[in-house]
Amino acid sequence: MKDVYIFAIESSCDETSAAVIKNGKDVVSLTVATQIPIHENYGGVVPEIASRMHSECITYVIDDAIKKSGMKMQDMDAIAVTYTPGLLGSLLVGIEAAKVLSLVYNKPLIAVNHIAGHIYANNLEDNNIVFPSLGLVVSGGHTEIIYLENDYNFKVLGSTLDDAIGEVYDKVARVLDLKYPGGPNIDRLAKNGKHSYNLPIPMKDESLDMSFSGLKSSIINLVHNENQRGNVISKEDMARSFQDVAIDELVRKMEIAINNYKVNNMIVAGGVSANTKLREEMQKLADKYDIKLSIPKINYCTDNAAMIGAAAYPLYLKKEFSDYDLNGKSTTNIFKF
Ligand code: KG4
Ligand code: ZN
C-alpha cells in the first residue's frame with residue numbers, strides 16, 4: 001500500500017505544534033512552540049494571550065515542520081487539525097490555518113478530537129494500540145477509564161466525579177508556590193520527599209468512578225493552617241504524600257477494571273501519563289497481570305501535533321473528511337468523535 005503522509009496541527013491550549021506523520025505511526029517531523037514561560041507568570045493559561053501567541057507562532061511552526069520533514073506540502077495526503085476540546089480562540093487559529101492549507105494545496109481536511117489524539121499517541125513509533133484494550137485517560141481536563149473495542153469505538157467505564165487529576169496536580173502545585181504547570185514540578189519534588197503527611201484516601205469503593213476534590217481540599221486547608229501557624233511545609237514531603245495517594249487511587253481503579261474486563265492490553269494517555277510514578281506503577285500492574293502496556297514516550301504525552309496526525313490516520317483510511325464549515329468546540333463528549 002502507498003505510504004500516507006498527514007500534515008497535522010495542534011493549537012488547543014498553550015502549545016502551537018505541527019507535524020508530518022507517516023502511516024499514522026512514524027514521526028517524520030515535529031515542531032512544538034510552547035507558551036509555558038509566558039503563562040507561568042500568571043499561574044495558569046490566560047486564554048486571550050494564548051490565542052494571540054498561537055497567531056504569532058502558527059506560520060513559523062508550519063514552515064518549520066515541513067522544512068524539517070524534507071518534504072513539500074504538495075506531498076501530503078491530508079491536513080489534520082484539533083477541533084475540540086480546548087480554548088475556542090486557540091482552536092480557531094489552528095483550524096483556520098488547516099483550512100487554508102487544505103484549500104490551497106487541494107488536500108482533504110480531517111477534524112481530530114484532542115483526547116483521541118492523546119489516545120492515538122500510543123501508536124507513535126515503537127508503540128501500538130492492540131484492541132481490545134483498557135485505557136486510562138489522565139490530563140488537565142480528563143480522568144477516565146475507558147474500554148477500547150477498536151478504532152474510534154471507545155466506551156467510558158468510569159470517570160472522575162469532580163476534579164480531573166491534572167487539574168489537582170496544578171492546584172496542589174499552586175498552593176505550594178510551584179510554577180505552572182504543576183504536574184512536572186510535583187513529580188520532580190516527590191522524588192526527594194517522604195510520605196510524611198497524613199492525607200485522606202479517596203473513597204475505597206469498587207466502582208470505576210473516582211474523586212479527587214476531597215484530597216485537593218484537604219491539602220489546601222492543611223497548607224493554609226500551617227502557614228497561619230507560621231509552620232514551614234516541606235514541599236518535597238507534601239508532593240510525595242499527595243502523589244502517592246493520587247497515583248495509588250488511579251492504579252487501584254485500573255486493577256478493578258482489569259479484574260472486570262479481562263483484557264490483554266492497556267494504554268495510558270494524556271499529559272499526566274508523563275508522570276514518573278504513574279508510569280512505574282502501571283508497569284508493575286501490567287507485569288502482575290501479564291498485560292501488554294503502552295504509554296507514549298515522554299515528548300508525546302503532553303500536547304503535540306504528532307498525536308493528532310496519529311489520530312487522523314484511521315479517519316483518513318475511512319475517508320472521514322471535514323468540510324470548510326468546520327468550527328472549534330470548547331467542550332465535547334470525548335466518545336462522540
Ligand atoms: O494533556 P495535557 O498536556 O493537556 C490537556 O489536554 O489537558 O495535560 C496537561 C496536564 C497538566 O495538568 C500538567 O500538570 C499535567 O498534565 N502533567 C503532569 C506531568 N506532566 C504534565 N502531571 C503529573 N506529572 C507529570 N510529569
Ligand atoms: Zn492535552
Side-chain angles (χ1 to χ4, degrees), residues 8-17 19 32-36 39-40 43-45 47 50 81-87 90-91 94 112-122 124 135-144 159-160 163-176 178-191 193 212 215-216 238-240 242-251 267-282 295-308 310-311 328-332 334:
I9 298 175
E10 153 67 37
S11 70
S12 66
C13 190
D14 57 354
E15 332 275 355
T16 323
S17 181
V32 184
T34 181
Q35 306 175 3
I36 287 176
H39 298 294
E40 210 171 63
V45 179
V81 65
T82 308
Y83 80 102
T84 191
L87 301 168
S90 294
L91 289 165
V112 176
N113 178 303
H114 180 81
I115 300 299
H118 279 299
I119 292 168
Y120 280 96
N122 283 289
L124 290 171
L136 177 65
V137 179
V138 276
S139 74
H142 287 271
T143 309
E144 276 107 19
S159 61
T160 181
D163 297 347
I165 186 67
E167 195 184 337
V168 177
Y169 262 94
D170 294 339
K171 292 265 167 61
V172 170
R174 202 167 175 167
V175 79
L176 294 176
L178 302 173
K179 282 186 170 170
Y180 171 85
N185 288 320
I186 296 216
D187 191 359
R188 187 173 42 80
L189 286 182
K191 289 180 181 141
F212 296 103
L215 177 62
K216 177 191 75 181
M238 183 56 87
R240 171 69 191 271
F242 156 66
Q243 180 158 282
D244 281 357
V245 174
I247 302 294
D248 281 359
E249 179 63 358
L250 290 171
V251 174
I267 64 141
V268 186
V272 183
S273 59
N275 184 267
T276 318
K277 184 172 162 89
L278 180 63
R279 298 173 84 91
E280 287 169 7
E281 294 301 320
M282 286 299 291
I295 306 182
K297 281 195 186 141
I298 295 277
N299 50 330
Y300 304 135
C301 286
T302 45
D303 294 349
N304 67 85
M307 67 186 199
I308 302 306
K329 266 175 72 186
S330 55
T331 55
T332 189
I334 64 165

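Read the numbers this way: they start at 1 and go in the same order the structure lists the ligands and their atoms.
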Using a cut-off of 6.0 Å, state whether more than 12 heavy atoms not belonging to Arg279 lie near its atom CZ.
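It does: Arg279 CZ has more than 12 such atoms within range.
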For [X], counting its heavy atoms only, list the atoms of ligand 1 lying under 4.0 Å from any of them.
| X | answer |
| --- | --- |
| Gly141 | 7 (O) |
| Asp303 | 1 (O), 2 (P), 3 (O), 4 (O), 6 (O) |
| Gly166 | 12 (O) |

Just to confirm my output: which protein heavy-atom neighbour is closest to [atom], and how far is it?
| atom | value |
| --- | --- |
| atom 15 (C) of ligand 1 | Val272 CG2, 3.9 Å |
| atom 26 (N) of ligand 1 | Asp187 OD2, 3.0 Å |
| atom 12 (O) of ligand 1 | Asp170 OD2, 2.8 Å |
| atom 6 (O) of ligand 1 | His114 NE2, 3.1 Å |
| atom 9 (C) of ligand 1 | Gly140 N, 3.9 Å |
| atom 24 (N) of ligand 1 | Asn275 ND2, 3.0 Å |

Tyr169, any N or O under 3.5 Å of ligand 1 N or O:
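Looking only at distances, the answer is no, because the N/O contact criterion of under 3.5 Å is not met.
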I'd like to know if the side chain of [X] and the backbone of [Y] have a donor-acceptor N/O pair within less than 3.5 Å.
| X | Y | answer |
| --- | --- | --- |
| Ser273 | Cys301 | no |
| Asn304 | Tyr300 | yes |
| Ser17 | Ala305 | yes |
| Ser12 | Leu91 | no |
| Glu15 | Val32 | no |
| Asn185 | Lys179 | yes |
| Asn122 | Ile119 | yes |

Pick whichever of Pro85, Gly86, Gly271 has a heavy atom sitting closest to atom 21 (C) of ligand 1.
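Among Pro85, Gly86, Gly271, the closest heavy atom to atom 21 (C) of ligand 1 belongs to Gly271.
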When you measure from atom 25 (C) of ligand 1 to each heavy atom in Cys301, Gly183, Ala190, Ala121, which option holds the nearest one?
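Nearest option to atom 25 (C) of ligand 1, by heavy atoms: Gly183.
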Asp187 side chain reached by Tyr169 side chain, heavy atoms, under 4.5 Å:
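SC-SC contact between Tyr169 and Asp187 ruled out.
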Is there a side-chain contact between Gln243 and Asn275, using heavy atoms and a 4.5 Å cut-off?
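A side-chain contact exists here, since the closest heavy-atom pair is under 4.5 Å.
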Identify which protein N/O/S atoms are less than 2.8 Å from the Zn ion (ligand 2).
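Listed by chain and number, the nearby protein N, O or S atoms are His114 NE2, His118 NE2, Asp303 OD1.
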How many angstroms lie between atom CG of Asp14 and atom OH of Tyr180, to the nearest 0.5 angstrom?
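Those atoms lie 4.0 Å apart.
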Going from CG on Leu136 to CD on Glu144, what distance comes out if it is rounded to the nearest 0.5 angstrom?
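If I round to the nearest 0.5 Å, the distance is 9.5 Å.
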Partners of Lys277 by salt bridge (charged side-chain N to carboxylate O under 4.0 Å, His left out), sequence neighbours excluded?
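Testing Lys277 for salt bridge (charged side-chain N to carboxylate O under 4.0 Å, His left out), a comparison that skips the adjacent residues, returns Asp244, Glu281.
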Please confirm whether His142 approaches ligand 1 to less than 4.0 Å, judged on its heavy atoms.
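For ligand 1, residue contact (heavy atoms, under 4.0 Å) with His142 is absent.
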Judged by non-hydrogen atoms, does Cys13 sit under 4.0 Å from ligand 1?
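Under 4.0 Å: no for Cys13.
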